[in-house]
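Protein chains get the first letters and strands the later ones, always in sequence-line order, with residue 1 at the start of each.
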Amino acid sequence: MNSFTDKAISIIKSIPEGQVMTYGQIARSAGNPHGARQVARLLHTMSKKHGLPWHRVINSKGEISLNGEGFETQKYLLEKEGIAFSSNSRINLTFYQYEFAYSE
DNA sequence: GCCATGGCTAGTA
DNA sequence: GCCATGGCTAGTA
């Protein structure tokens with residue numbers, strides 16, 4: 001459990017229902033401030049295999065980063081967990097962002 | 001080579 | 001709206 005990817009995966013798994021984290025926040029928590037794109041990549045390739053709550057990860061602007069069908073699916077899943085979207089389809093991070101903290 | 005980012009500038013109002 | 005950035009999976013040989 002040492003690589004950036006392993007840490008990121010365990011962090012993503014810890015996001016509680018009804019809360020979100022951003023790509024950059026996960027990357028920083030996993031030890032690489034510049035790893036946001038790697039987080040995006042691993043979500044894309046490993047979500048299914050690891051059963052990740054991929055829909056609880058959004059970008060730093062509070063937006064869903066998918067297009068088309070993916071966008072609709074993610075928005076639906078988040079709303080189902082009680083997360084509200086503003087009229088411009090954004091999420092209030094101050095309210096819904098999970099403050100990840102290491103538990104040793 | 002791939003990626004579902006993010007930060008910063010320019011350029012508007 | 002542009003572009004620098006970086007760790008590594010999936011799939012072939």
Side-chain angles (χ1 to χ4, degrees):
Chain A
M1 213 35 137
N2 287 321
S3 73
F4 175 78
T5 303
D6 289 336
K7 288 187 210 164
I9 286 174
S10 97
I11 291 165
I12 292 164
K13 281 184 177 169
S14 78
I15 307 173
E17 187 176 319
Q19 293 193 263
V20 296
M21 284 183 82
T22 71
Y23 301 92
Q25 182 193 8
I26 291 164
R28 286 192 301 276
S29 302
N32 182 356
H34 303 292
R37 304 194 67 157
Q38 282 62 255
V39 173
R41 187 175 195 283
L42 74 87
L43 280 170
H44 183 72
T45 58
M46 296 162 73
S47 278
K48 190 157 235 174
K49 185 160 300 186
H50 292 266
L52 302 180
W54 60 271
H55 59 285
R56 307 211 259 250
V57 185
I58 61 178
N59 73 23
S60 63
K61 303 186 191 88
E63 299 166 332
I64 288 175
S65 283
L66 298 177
N67 299 315
E69 191 181 350
F71 175 92
E72 300 301 334
T73 305
Q74 186 168 1
K75 187 173 183 184
Y76 167 79
L77 290 170
L78 290 173
E79 285 178 330
K80 203 167 65 168
E81 298 188 353
I83 292 178
F85 286 78
S86 62
S87 50
N88 51 358
S89 284
R90 305 226 307 204
I91 292 172
N92 184 335
L93 285 175
T94 14
F95 196 81
Y96 292 110
Q97 183 168 26
Y98 176 48
E99 294 300 333
F100 179 84
Y102 286 107
S103 54
E104 175 65 28

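- The base-pairing partner of B:dG11, taking Watson-Crick or G-U wobble contacts with both distances under 3.5 Å, does not exist among the strands shown.
- In this structure, A:Asn32 reaches the sugar-phosphate backbone alone: every heavy-atom distance under 4.0 Å involves primed, P, OP1 or OP2 atoms, never a base.
- Ranked by how close their nearest DNA chain C nucleotide is to the 5' end, A:Arg37 and A:Leu42 are led by A:Arg37.
- To the nearest whole angstrom, the two P atoms, one in B:dA4 and one in C:dG11, are 16 Å apart.
- Along DNA chain B, the nucleotide nearest to A:Gln38 and the one nearest to A:Gly24 differ in position, and the one closer to the 5' end is contacted by A:Gln38.
- Distance NE2 (A:His34) to C1' (C:dC8): 18 Å, rounded to an integer number of Å.
- With A:Met21 as the partner, the side chain to side chain contact (heavy atoms under 4.5 Å, CB included) test is satisfied by one option alone out of A:Leu93, A:Ile26, A:Val39: A:Ile26.
- If you check C:dC3 for Watson-Crick or wobble pairing at under 3.5 angstrom, you find it paired to B:dG6.
- Spacing between atom NZ of A:Lys48 and atom P of C:dA10 amounts to 13 Å, rounded to whole angstrom units.
- Of the possible donor and acceptor atoms, none in the side chain of A:Ser47 sits under 3.5 Å from a partner among the backbone N and O of A:His44.
- Of the residues in residues 71-97 of chain A, none lies under 4.0 Å from DNA chain B by heavy-atom distance.
- Distances shown here put a side-chain N or O of A:Ser3 below 4.0 Å from the OP1 or OP2 atom of C:dC8.
- Side-chain proximity of A:Arg41 to B:dA4, B:dG6, C:dT9: nearest is C:dT9.
- Here the separation of C:dT12 from B:dC3, taken at their P atoms, is 16 Å to the nearest Å.
- Proximity of residues 55-66 of chain A to DNA chain B (heavy atom under 4.0 angstrom from any strand atom) is restricted to A:Asn59, A:Ser60, A:Ser65, A:Leu66.
- Ranking C:dT9, B:dA4, C:dA4 by closeness to the A:Met46 side chain, first place goes to C:dT9.
- Counting only distance, with no hydrogens or angles, the side chain of A:Gln25 and the backbone of A:Tyr98 share a donor-acceptor pair below 3.5 Å.
- The listed nucleotides are B:dA4, C:dG6, C:dC8; the one nearest the side chain of A:Phe4 is C:dC8.
- Rounded to a whole angstrom, the distance from the C1' atom of C:dT9 to that of B:dG6 is 23 Å.
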